Participant: 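The following block contains the structure, expressed as structure tokens.
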Amino acid sequence: MAALREQPRLVAAKLLVLVVVALAGGALAMALDDDPPTVPPETAPALERAQRSAQGSARRLRATQAENRQASARSRRAATRLRRLERRLRAALARERRLKLALRRSRRALAQQN
């Protein structure tokens, strides 16, 4: 207790070194442990079912993502085609207005001649 009162920093440093050495020893023991984790026999079937379920979910996810990409591509193509058709429609409507105007003018000119 006297050491703590006289040199608190030294005691704290020694305590810190002790904790670090203990943690390093634990980490080293875990790293050297070559035994693979064992699965208790009663939980092995449940683990296998969970793994198969996860694999099935992953397959369904990949399939859904592929369908999503295909649908997005179809949507982009449809939007492009729609814009093209809208331009054609506007051009056709403009041609129709010009032709109607020309027809009206021709009829007026014909009516003035008669």
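This structure is a prediction, so every number in the text was calculated from the model and none was measured.
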Participant: What's the separation between atom CZ in Arg88 and atom CZ in Arg95, rounded to the nearest 0.5 Å?
Facilitator: 10.0 Å

Participant: Looking at side-chain heavy atoms only, is the closest gap between Leu101 and Arg97 below 4.5 Å?
Facilitator: no

Participant: Do Arg77 and Thr80 have a side chain donor and acceptor closer than 3.5 Å?
Facilitator: no

Participant: Would you say Ser53's side chain and Arg49's backbone share a donor-acceptor pair under 3.5 angstrom?
Facilitator: no

Participant: Heavy atoms only: give me the nearest Glu42-Pro45 pair and the separation to one decimal.
Facilitator: O-CD, 3.9 Å

Participant: Please walk me through it: do Leu61 and Gln65 pass side-chain contact (heavy atoms from CB on, under 4.5 Å)?
Facilitator: CA-CA 6 Å; Leu61 174 63; Gln65 287 172 336; 3.9 Å; yes

Participant: Against Leu23, only a single residue in Val19, Val21, Val20 fulfils side chain to side chain contact (heavy atoms under 4.5 Å, CB included); can you say which?
Facilitator: Val19

Participant: Quick one: do Ser57 and Arg60 satisfy side chain to side chain donor-acceptor pair (under 3.5 Å)? Show the steps, please.
Facilitator: CA-CA 5 Å; Ser57 295; Arg60 285 191 300 276; 3.1 Å; yes

Participant: Taking Leu103 as the fixed residue, which of Lys100, Arg105, Arg107 is the one that meets the side chain to side chain contact (heavy atoms under 4.5 Å, CB included) rule?
Facilitator: Arg107

Participant: Determine, step by step, whether Leu99 and Glu96 satisfy the side-chain contact (heavy atoms from CB on, under 4.5 Å) criterion, reporting the C-alpha distance in whole Å, the side-chain angles of both residues, the deciding distance to 0.1 Å, and the verdict.
Facilitator: CA-CA 5 Å; Leu99 288 173; Glu96 181 187 13; 5.7 Å; no

Participant: Roughly how far apart are Arg74 CZ and Glu67 CD, rounded to 0.5 Å?
Facilitator: 8.5 Å

